[in-house]
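Below you'll find the structure, written out as structure tokens, and then a few comments.
Proteins come first, then strands; the chains are lettered A, B, ... in the order of their sequence lines, and each starts at number 1.
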Number of protein chains: 2
Amino acid sequence: MKVAELSATSGATVATLKYYLREGLLHPGHATAVNQAEYDDTHVRRVRLIRALQELGKLGLADVALVLAAVDDESIELHAAFGLAQDVMVPNRHRDPDTFTAALADVDRFVLRHDFHLRPDAAVRLMMADAIVALQTFGGLKDSSAFDRMVESAKTQAAAELATVPDSAPRSQQMELSVVGTVVTEIAAAAVRRMALEDASWRRFGPGARPPAVCAPAACAP
Amino acid sequence: MKVAELSATSGATVATLKYYLREGLLHPGHATAVNQAEYDDTHVRRVRLIRALQELGKLGLADVALVLAAVDDESIELHAAFGLAQDVMVPNRHRDPDTFTAALADVDRFVLRHDFHLRPDAAVRLMMADAIVALQTFGGLKDSSAFDRMVESAKTQAAAELATVPDSAPRSQQMELSVVGTVVTEIAAAAVRRMALEDASWRRFGPGARPPAVCAPAACAP
DNA sequence: GATAGTAGAGAGTGACACTATCTGTTACGG
DNA sequence: CCGTAACAGATAGTGTCACTCTCTACTATC
């Protein structure tokens, strides 16, 4: 297919695709002439992966490029590449050493407690420590034990999620699926959490003096 | 306290604080002279809330302002304000009507199935539909039933989370806690998910020919 | 009374993700 | 075979965002 068709299929404008090509986010098409190239299914999937990481995962294009590099580098083991991709998805931010170090140590105890096999410097530890510091700051939490109850279901769900990645698929597609699954299932899980939270808020604060202006969507829709 | 102390306590530079004041994100201090003002604990908490929403929640300052408006508007019921704040935290993005409508209908069935009391137009529905569309695109999913298993623990955790908001606290602090709790606990939950995922990836892909270069952090650290 | 800090306001900055325009070339319908 | 549209590749420009800088005028403090 030519650029116009790739644009129509993937949803990105031609100008944007050219930009991705220039930046090396998208591999060049097969050139058939000095000003003609053919694009295929791998380009479509790549563009969609970029958009998913960017819009759903809220990654900058520089970080997207790092994830893509891990996806593409055949010399890295699948598990290691997956870890690298995950690391990129943890934002870098300023961290106050005083409060942060203690939280990180707490996270490491959490990891040990639940027998998580993580790379020793896995960035996800920082992510959890950030959350703990923030919750402590607002007085809602003492330590990581509040999250112990999440572990069991998370482990079950993670195993089920990875099981959807077919053993037979080529490595690149296994990586794509793993990475996109991490990001997107995270969104879905967050959505479920928020639904439960709004539901709980309704039960806690909602039904006041007058009947609340809330209900299940289909029961309200005309 | 004066601006320099507020800066030291909150972590934002004086220039940034002035910017927040100009933009109306931060309420003015109590003026004691034409060029002097006193700031207090409410300013510190507000700045921290702004930074949490911005850095952890990845909201733009315009969206932060909307959340703050919902937090501050005493004329809105707590439950409604909480819903508004949640809506802001769902990003606006281009959605292809063809695929999206079906996914949204699926989400509404999901909501009914689990008896979630949501406002009929709650934006969290769009968020979940986005995730479903993305997963369908990458061939990993057919419908929302894959998320049914998340609901029970999400409901339990949401109730527990809201229970940490004291009944006696002033409304503004109840809102702050609810909002910051939504964002930050979401990060923590995502971190737990990712740990479980990396753990599962290790079990699935990790232990290859040679012993894997992974282990629980404390067991590896010198 | 010198110095440092402050309020308020406007202009400037750098990163980011495109977007527009240009040149030269090729494909294709009539 | 001709006119138009589309294409590759390259450079320059755009709009947004979240600050950051600079300036004036004034105040607190040593």
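The pair B:R119-B:D87 counts as a salt bridge, with a side-chain nitrogen and a carboxylate oxygen less than 4.0 angstrom apart. Between B:D63 and B:K58 there is no salt bridge, since no side-chain nitrogen of the basic residue lies less than 4.0 Å from a carboxylate oxygen of the acidic one.
When rounded to the nearest whole Å, the span between CG of B:L6 and C1' of C:dT6 equals 13 Å. If you measure from atom CG of B:L17 to atom P of D:dC19, you get 10 Å, rounded to the nearest angstrom. The nearest whole Å value for the distance from the NE2 atom in A:H30 to the C1' atom in D:dA8 is 15 Å. Summarising the geometry, the separation between CD on A:E38 and C1' on D:dA6 is reported as 13 Å, rounded to the nearest angstrom. Residue A:E5 contributes atom CD, which lies 13 Å from atom P of D:dA8 at whole-angstrom precision. Per the geometry, CD belonging to B:E23 stands 12 Å off P belonging to C:dA9, to the nearest Å. Between B:K58 atom NZ and D:dA18 atom C1' there is a gap of 16 Å when expressed in whole angstrom units. The CG atom of B:L53 sits 16 Å away from the C1' atom of D:dA18 (whole-angstrom rounding).
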Would you give a per-nucleotide map of nucleotides 20-30 of chain D, 5' to 3', where B means the base has a protein non-hydrogen atom under 4.0 Å away, S means only the sugar-phosphate does, and - means neither?
B-----BSS--
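Each ring-ring contact (aromatic ring centres under 6.0 Å, His included) pair with one or both residues in residues 48-76 of chain A, not counting sequence neighbours, would appear here, but there are none.
Between C:dA7 and B:Y39, a contact under 4.0 Å exists linking OP1 or OP2 to a side-chain N or O.
Taking 4.5 Å as the limit, every side-chain heavy atom of A:D143 sits out of range of all side-chain heavy atoms of A:I132. Looking at heavy atoms from C-beta onward, B:T101 lies out of side-chain contact with B:R95 at the 4.5 angstrom threshold.
When the nearest nucleotides of DNA chain D are assigned to B:Q54 and A:P28 by heavy-atom distance, the more 5′-ward of the two goes with A:P28.
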Pair up each side-chain donor or acceptor in residues 19-34 of chain A with any protein partner under 3.5 Å, not counting sequence neighbours, and list the distances.
| unit_1 | atom_1 | unit_2 | atom_2 | d |
| --- | --- | --- | --- | --- |
| A:Y20 | OH | A:R51 | NH1 | 2.6 |
| A:H27 | NE2 | A:T42 | OG1 | 2.9 |
| A:H27 | NE2 | A:H43 | NE2 | 3.4 |

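Ranking D:dA8, D:dA18, C:dT6 by closeness to the B:V3 side chain, first place goes to C:dT6.
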Determine, stepwise, if the pair A:R46 / A:D72 fulfils salt bridge (charged side-chain N to carboxylate O under 4.0 Å, His left out).
CA-CA 11 Å; A:R46 179 51 54 102; A:D72 290 336; 2.8 Å; yes
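Looking at heavy-atom distances under 4.0 Å, B:A31 makes no contact with the nucleic acid at all.
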